[in-house]
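Working notes, structure below.
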Amino acid sequence: MRIATWNVNSLKARMDRVEEFLGYAEVDVLCLQETKMTNAAFPALAFHELGYDSVHHGQGQWNGVAILSRVGLTDPAEGFGSKFTDPYEGDARLVAATCGGIRIVSVYVPNGREVGTDHFVRKLEWFSVLRAWLAANHSPEDAIAILGDYNVAPTDNDVWKVEAFEGATHVTEAERDAITALCDWGLSDAFRVVYPIQDQLFSYWDYRAGDFQSHRGVRIDLALTSKSVTDRLTWAVIDRNARKGTKPSDHTPVIFDLD
DNA sequence: ATGGTAGCCCTGCTA
C-alpha cells in the first residue's frame, strides 16, 4: 500500500499536475492540503474516473483538505467535532477517513505567521487540540496515519540552514515540542524511520528568490504513523520532480510504502 | 536589499 501527502496550493491551479501525479505515482491514498476551494467545486467526478474515491473538507478561498483513495474510503469525518473548540474555528484543516484498513487523517496545520503573534499562539493551541482529539478518538494500538503540512520542521536536519531560521516560526522549541507530544502519544515521523539522520531532504521551497534551484528548503510535510503502520513501512520518497516544470506547487508530494 | 512569487479575491491578504 502506497500513501502520500501533498500541499497543492490551490487544487484549481494544480489539477493538471495532480492528474499527472496520479498517472505515474501509483499511490493508493493521497492526502491533499490547501485545495482552496468549496466542496461544490471539488472535482470528485474527475478523481472517480481515475479510480479514486474522495472526501473533501473545503472552505473556499483558503485552506481545504482532502483524501483520495483507490483502496476504499469509509467513515469520513471533518474537523475536530463538537467536543473540541478549534482555535481556528471555521477553517477547513482536518479530514479523516478509513482507507485500506488504516485511519487516514489529512491535516493542514496553521502557519502561525510570526512568533509572538496571536496566530502563533493559536497554532500551538491547534496542536494541543489535535493531540486531545487523537487521544479521545483513538488508541496507539490503532492503525492510524496523520499526513499533511504540519508547518513545523521537526529537527535542525529538516531546514537548509539553521542560522537562516533564528527567531522564525516552524523551528521553535514550542512547535517541535508539539510534534514530540504527538510522538509521545504513540506516533512516529515515518520519513525519519527510513532516513534517520540524512539532511537536505525537503518538501517545501518558497517560490521566491530561486529557493528551489538553490536548495533552500524545509521538510514540513510529514506522516506521523502509529506503531502498527510504522512497522509496515518499507520506503519513503520525496517527489522532487513535482516541484519542477509548469506551474508547480511550492510543496512536493511525500510518498510512503507499506507492506 | 525587510527583498522575492504565486494564488486567491474586490487592488490587499496569505503563505
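First the proteins, then the strands, lettered A, B, ... as listed; each starts at 1.
- Between the side chains of A:Thr117 and A:Glu114, no donor N or O sits under 3.5 Å from an acceptor N or O.
- A distance of about 13 Å separates the C1' atoms of B:dA15 and B:dG4, rounded to the whole Å.
- Distance CD (A:Glu34) to C1' (B:dG7): 9 Å, rounded to an integer number of Å.
- Every side-chain hydrogen bond (donor to acceptor under 3.5 Å, both in side chains) that A:Thr155 has, sequence neighbours left out, goes to A:Asp158.
- Cation-pi geometry between A:Arg93 and A:Tyr88 is satisfied (NZ or CZ under 6.0 Å from the ring centre, within 45° of the ring normal).
- Between the P atoms of B:dG3 and B:dC13, the separation comes to 15 Å (whole Å).
- Rounded to whole Å, atom P of B:dT2 lies 19 Å from atom CD of A:Glu166.
- One atom, CZ of A:Arg14, and another, P of B:dC8, lie 8 Å apart when rounded to the nearest Å.
- Spacing of P atoms, B:dT2 relative to B:dT14, comes out at 22 Å, to the nearest Å.
- As a whole-Å value, the separation of A:Arg17 CZ from B:dA6 C1' is 14 Å.
- In this structure, the OH atom of A:Tyr207 is 19 Å from the C1' atom of B:dG3, given to the nearest Å.
- Contact annotation for A:Arg216: no contact, since no heavy-atom pair falls under 4.0 Å across all strands.
- Side-chain contact check for A:His48 and A:Ser54: no donor-acceptor pair (N or O, by modelled atom type) lies under 3.5 Å.
- Annotation: B:dC9 and B:dT5 have their P atoms spaced 22 Å apart (nearest Å).
- Between the side chains of A:Arg103 and A:Thr98, a donor-acceptor pair is found at a separation under 3.5 Å.
- In this structure, A:His251 and A:Lys247 both approach DNA chain B, and ranking their closest nucleotides by distance from the 5' end singles out A:Lys247.
- Within the 4.0 angstrom heavy-atom criterion, only backbone atoms of the sugar-phosphate kind lie near A:Tyr108; the bases stay farther away.
- For the pair A:Lys123 NZ and B:dA15 P, the computed distance is 10 Å after rounding to whole Å.
- On the P atoms, B:dA6 is 22 Å away from B:dC10, given to the nearest whole Å.
- Atom pair A:Asp250:CG and B:dC8:P shows a separation of 12 Å (rounding to whole Å applied).
- Whole-Å rounding puts the A:Arg208 CZ to B:dT2 C1' distance at 11 Å.
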When you compare the protein's N or O atoms with those of nucleotides 10-14 of chain B, which come within less than 3.5 Å of each other, and at what distance?
unit_1	atom_1	unit_2	atom_2	d
B:dT14	OP1	A:Arg113	NH2	3.1
B:dT14	OP2	A:Arg113	NH1	3.4
B:dT14	O5'	A:Arg113	NH2	3.3

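- At a cut-off of 3.5 Å, with distance as the only test, a side-chain donor of A:Tyr207 or A:Asn9 sits close to an acceptor on the other residue.
- Evaluation of the side-chain hydrogen bond (donor to acceptor under 3.5 Å, both in side chains) rule for A:Ser10 yields no partner, not counting sequence neighbours.
- Projected onto DNA chain B by closest heavy-atom contact, A:Asn151 and A:Leu11 fall at different nucleotides, the more 5' of which corresponds to A:Leu11.
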